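Each chain gets a letter, A, B and so on, in the order its sequence line appears, and its residues count up from 1. Just so we're clear, the structure is a prediction, and the values are computed from it rather than from any experiment.
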There are 2 protein chains.
Amino acid sequence: MASKPPTRKPLRKRKRGDEAGPPRAARLEEVARMAGVSPITVSRALRNPDIVAEETRGRIAQAVKKIGYVRNFNAGALASRKTTTIGIIVPTIMDVGFAEVVHGFYDTMGEHNYQLLLGVSDYSEEVEERLVRDFLAHRAAGLILTGVSHGPEVRRMLTSMAVPTVEFWGLSRTPIDLCVGYSNADAAYAMTRHLVRLGYKKIAFVSPLIGTVMRDNDRTRDRREGHRKALRDSGQGIDESLFASGRLDFQSGANALVELMGKRPDIEAIFFGNDVMAAGALMECQKRGWAVPDKVAIAGFGDSELATVVQPALTTVRTPRHAMGKRAAELLLERIGGNTKVPKVVDMGFDVIQRDST
Amino acid sequence: MASKPPTRKPLRKRKRGDEAGPPRAARLEEVARMAGVSPITVSRALRNPDIVAEETRGRIAQAVKKIGYVRNFNAGALASRKTTTIGIIVPTIMDVGFAEVVHGFYDTMGEHNYQLLLGVSDYSEEVEERLVRDFLAHRAAGLILTGVSHGPEVRRMLTSMAVPTVEFWGLSRTPIDLCVGYSNADAAYAMTRHLVRLGYKKIAFVSPLIGTVMRDNDRTRDRREGHRKALRDSGQGIDESLFASGRLDFQSGANALVELMGKRPDIEAIFFGNDVMAAGALMECQKRGWAVPDKVAIAGFGDSELATVVQPALTTVRTPRHAMGKRAAELLLERIGGNTKVPKVVDMGFDVIQRDST
DNA sequence: TTGTATGCGTTATCAG
DNA sequence: CTGATAACGCATACAA
């Protein structure tokens, strides 16, 4: 009995999915058959049309449309070990500040045909770690993280898997990979110095608290510390009764105002760590007929749209939210493209905006 | 020469990735080897721990940790033809309304270990179609779309690929698959009837416009039509000079107020199609010393946080944003789970909230 | 410019 | 409860 050449096609025993089941999506092969080419040519026509003859491309396009073929990124990712998926993690999307960064980031990445996996950490490092793990399971081409403080496991995973990563909204001396933001401490410092220059003496500070279990975070802490340093550098002592905190919303801003003025009527200015709280306080002043800035000056942080609408317009710190997102995208794209000479830490700066509330 | 049994492992010619290249992520096989089991057992231990012996599971967990193994969803998706990825498309994330729906949706889906692909359409059907195609390429397990008006190709793709889909923020008589929302027309109708009941006669309406090229959308149109119908049903004629429109932001709300009152000083109430514009108008009234609601009453739409903070508090329509997102998630989960008896259209209702601005 | 052979890392299926 | 085998649908490497 003559030995046969090794069987090349081990006759598919068609075990899977050949019965009823859900309608199976079309494959490259079917498009190829209809267009009279090989699957790899279809693959090429879809990913890089230029390298396929125009006439061939036309037949393929027709077949694709007729069959209603939709690419399978999962199969592609497996074969190429590449994805066009980016993971971004923010503490919340209910804060327009984060939404604005996501927006800036999204626009730029979208132009380059990347898709965005959105993760919301609710200010929890534990949740963040789970999200990072999930995104890595998707083999995300890159990751964007909020802030510069992350769990050790997050850092380990990202480093060991060598995933391009950008941390935003802060400046880190030891970024996981890349970092784009501004110094929250310097920004708050600048505002307090500004208030001192305007002649205010008793300057209170209100820290916004967030999360389901109310707490602050690295950015908020940095702002408070910047404020304290400014007071010291201005020769003013630190008076703990001039510090308050509250949930990051309008009502808590109003409450903080009332609480502070209640126990320290000599307060001349209040610096809120967030525009929303400052706006809440401003409206409370209006209700009570307290003159701003004559009875008490009010400053915010963030320069949200509110700031120019409230009466009087709010003095605040403008942070580069949209620009941060955009820059993060640009850096990430460079990094994914293999450029190793991108700057590790990018300082986007900030501006103190003097308006009528101080 | 004795015939050998058929070679099972056709000696991998190790063509790919065996040289330098980036650090290759660990595979199931390596974990399996270290734990002394087969890869499929590791796979099972990771996906469904209960069906693996506790002792085995322990060894596997150890190996996973030591190696730093991270699952590969792409390979898993290919093999199982399933993903835990959901695509959600909203017109923008800068509007807290959409952010709130996403939030409600995200929380519920997150609990069930789904990941979210975020798409922003910028109110464009063309962009929406591209996003749907991308999400289908990811083989998303389900899709969430804003509104009930979509391009024909979107409907075709989703139907032919039989992807569980929920349209939210509207009620459709012919949903692509499922639909959860409320009637914008009825909601606006209810508000205008309410204003009429309060005794207002000349009631203006302001339509918010959105997108990079300013335009309205099905939801905004429905609100305006609801308002018109309410006027007709109240025996009032339609006076086109009582209609205005403007970009959806504070300033445009203020502008619309000024414009309307300028040309029609007899206006008694203005119904804004969005709270943000209404709040802008309210603040403008304050600046100008116009009494609200005595000189002019103001109503909004959406019941955003602002509504209770502005002075006077804003009469508005409360829409079930968070609940819509949550319900959409629940429906989608049922649908993905194979439940075919879920309701196709879910009406979440709305509430007219009477406050001090009317 | 197009095609052939092969592997990507996992899971469904069936057998034990 | 665990394992052997065969897909899953596509893209890389190389050849033509």
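Ile67(A) places its CD1 atom 14 Å from the P atom of dG9(D), with the value rounded to the nearest Å. Atom CZ in Arg33(B) sits roughly 13 Å away from atom P in dG9(C) (whole-Å rounding). Between Leu136(A) atom CG and dG9(C) atom P there is a gap of 16 Å when expressed in whole angstrom units. When the P atom of dA11(D) is taken as reference, atom CG of Leu28(A) falls 6 Å away, rounded to whole Å. As rounded to whole Å, 9 Å separates atom C1' of dC8(D) from atom CG of Leu78(A). Look at CG on Asn74(A): it is 22 Å from P on dG7(C), rounded to the nearest Å. Atom NZ in Lys82(A) sits roughly 14 Å away from atom P in dG9(C) (whole-Å rounding). Whole-Å rounding puts the Arg59(A) CZ to dT1(C) C1' distance at 12 Å.
Side-chain nitrogen and oxygen atoms of Thr56(A) include at least one within less than 4.0 Å of the OP1 or OP2 phosphate oxygen of dT2(C). Here Arg139(A) does not reach the OP1 or OP2 of dC8(C): none of its side-chain N or O atoms lies under 4.0 Å away. Put simply, Arg24(A) has a side-chain N or O that comes within less than 4.0 Å of OP1 or OP2 on dC8(D). Residue Arg81(A) places at least one side-chain N or O closer than 4.0 Å to OP1 or OP2 of dG9(C). Phosphate proximity of dG9(D) to Tyr69(A): absent, as no side-chain N or O sits under 4.0 Å from OP1 or OP2.
DNA chain C lies under 4.0 Å from at least one heavy atom of each of the following residues of residues 40-54 of chain A: Ile40(A), Thr41(A), Arg44(A), Val52(A), Ala53(A).
The listed nucleotides are dG3(D), dT4(C), dC8(D); the one nearest the side chain of Ser38(B) is dG3(D). You'll find that the side chain of Asn72(A) is closest to dC10(D), out of dG3(C), dT2(D), dC10(D). Taking every side-chain heavy atom of Ser80(B) into account, dT11(C) is the closest of dT2(D), dT11(C), dC8(C).
In this structure, CD1 in Ile144(B) is found 7.0 Å from CD1 in Ile86(B), a value given to the nearest 0.5 Å.
Applying the side chain to side chain contact (heavy atoms under 4.5 Å, CB included) criterion to Gln62(B), with sequence neighbours excluded, gives no partner residue.
At least one donor-acceptor pair under 3.5 Å links the side chain of Asp177(B) to the backbone N or O of Thr165(B).
Under the 30°/60° scheme for interplanar angles, the aromatic rings of His103(B) and His322(B) are found to stand perpendicular.
With respect to the salt-bridge test (charged N to carboxylate O, under 4.0 angstrom), the residues Lys326(B) and Glu330(B) qualify.
When each of Pro39(B) and Phe73(A) is assigned the nucleotide of DNA chain D bearing its nearest heavy atom, the one mapping closer to the 5' terminus is Pro39(B).
Screening residues 59-78 of chain B for salt bridge (charged side-chain N to carboxylate O under 4.0 Å, His left out) gives Glu55(B)-Arg59(B) as the qualifying pairs, with residues at least two apart or on separate chains.
When only modelled atom types and interatomic distance are considered, His150(A) and Glu128(A) share a side-chain donor-acceptor pair under 3.5 Å.
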